Amino acid sequence: MSKIVPFVDLKAQHASISAEVNAAFARVSSDADFILGADVRSFEEEFATYCETQHAVGLDSGMSALELGMRAMGIGPGDEVITPAGSFIASSSAISFTGATPVWVDSDPRTYNIDPELIEAAITTRTKAIMAVHLYGRPAHMDAVLEIAERHALPVIEDACQSHGARHGHRRTGSIGTFGAFSFYPSKNLGAYGDAGAIVTNDRELAEKVRMMRNYGQRAKYQHAYLAWNRRLDSVQAAILRIKLRHLDEWNVARRRVASLYDELLAGSGVVLPEPAAHGAEHVYHLYVIQTGERDRVQGELAALGIGSGIHYPIPIHLQEAYRDRGFGRGSFPVAEAAASRVLSLPMYPELGEDSVRRVAEAVRASVSASAQA
Ligand SMILES: Cc1ncc(COP(=O)(O)O)c(C=O)c1O
């Protein structure tokens with residue numbers, strides 16, 4: 001039996017930094033500095049510097065980052081936020097949790113990101129913001145999104161939960177809009193050892209509001225300006241994120257190396273390859289996503305060979321049961337719907353070796369050509 005190729009391998013990454021991580025665990029434990037401790041403050045400074053923003057606020061998840069960022073902007077009941085139908089549910093559910101309504105826009109068929117050509121038609125008098133999601137690590141077409149937003153005097157929000165370190169022109173994703181939301185879910189390009197997230201922003205007031213909202217609305221100890229939540233980043237997670245942040249750029253380079261090898265080995269195979277980043281942007285390949293009309297069969301054949309894969313995402317947001325009350329049926333957002341039935345994410349992580357990439361590409365080619373001959 002040939003070697004298994006997992007979809008992601010968090011153990012390989014841990015092995016490469018285990019001594020530093022164990023020392024960080026020991027330090028936070030012996031200092032008993034668990035809640036909003038020195039590591040949280042240091043990580044916030046270091047992550048803001050990395051993202052080239054003035055502020056970062058550590059939170060418990062990417063979902064909280066999106067929701068609290070929007071609440072701090074004053075988004076709430078009666079408002080609408082434009083967002084892609086093709087994304088992870090949290091892009092939309094965070095809008096819903098503020099009391100506002102997600103207004104979906106279809107994806108660009110090549111990039112999977114929000115199609116800027118369709119944004120304008122979705123703007124109404126209730127629109128309060130446009131949310132761009134840098135899906136799979138490929139920056140959305142921010143020039144076009146910003147141009148439309150400016151024309152309509154609307155703020156832009158970035159769901160950067162899949163694009164840690166990606167650049168759009170000379171700016172990091174997350175630093176371009178009013179705020180950027182990051183998830184540090186373990187398998188992200190920058191992943192914690194549990195749930196974690198952050199917002200980055202240049203708006204001091206917005207950062208301060210989110211800082212209070214994550215901590216029971218406290219301005220000072222036991223002085224609560226308003227009712228709010230506990231959405232804090234743990235010190236242990238912050239300590240680990242500080243270690244991993246130092247490796248993020250080199251890990252993103254390794255991801256790009258894996259992607260270009262896949263590109264080379266799968267060229268002409270009949271599958272649709274990921275669109276390289278354009279407009280001066282840089283893809284960080286959180287996911288390497290191909291398209292094939294035989295997706296489920298190809299995935300099954302890869303699994304039989306011990307090759308992991310994923311589907312991001314099998315059901316577009318407007319067709320999720322959770323949003324059934326919105327009444328959108330099939331055909332509402334055809335590009336996102338077609339992608340949902342065709343996309344397949346191949347193994348992708350910085351430590352993935354060349355032999356494994358070759359094995360995956362060979363298996364994909366064999367599976368696709370078998371179906372062409374059938
Ligand atoms: C695009 C996108 N938005 C939001 C989130 C939510 O992040 P979290 O799982 O940390 O709440 C994710 C996480 O998977 C995501 O991929």
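In listed order, ligands and their atoms are each counted from 1. None of these values were measured; they are calculated from a predicted model.
Across S183, A94, S64, heavy-atom proximity to atom 10 (O) of ligand 1 is greatest for S183.
Close approach of ligand 1 to C161 is summarised as follows: ligand atoms under 4.0 Å from at least one heavy atom of the residue are 2 (C), 3 (N), 4 (C), 5 (C), 12 (C), 15 (C). Atoms of ligand 1 lying under 4.0 Å from any heavy atom of A90, numbered from 1 in the order shown and given with element: 4 (C), 5 (C), 6 (C). In the vicinity of S61, heavy-atom distances shorter than 4.0 Å reach the ligand 1 atoms 10 (O), 11 (O). Near G62, meaning under 4.0 Å from any of its heavy atoms, are these atoms of ligand 1: 7 (O), 8 (P), 10 (O), 11 (O). Close contacts between ligand 1 and K188 involve ligand atoms 12 (C), 13 (C), 14 (O), 15 (C), 16 (O) [criterion: under 4.0 Å to a heavy atom]. Taking every heavy atom of M63 and a limit of under 4.0 angstrom, the matching atoms of ligand 1 come to 6 (C), 7 (O), 8 (P), 11 (O).
A cation-pi arrangement is present between R172 and Y50 under the rule of less than 6.0 angstrom and at most 45 degrees off the ring axis.
Using a cutoff of 4.0 Å between basic side-chain nitrogens and carboxylate oxygens, R138 and E275 are not scored as salt-bridged.
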Could you give me the CA-CA distance, side-chain angles and deciding distance for W229 and R71, then say whether side chain to side chain contact (heavy atoms under 4.5 Å, CB included) is met?
CA-CA 12 Å; W229 304 266; R71 283 184 185 273; 3.4 Å; yes

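Here the protein heavy atom with the shortest distance to atom 12 (C) of ligand 1 is F88 CD2, 3.5 Å.
Side-chain contact of E208 with H55: a donor-acceptor pair under 3.5 Å is absent, judged by distance alone.
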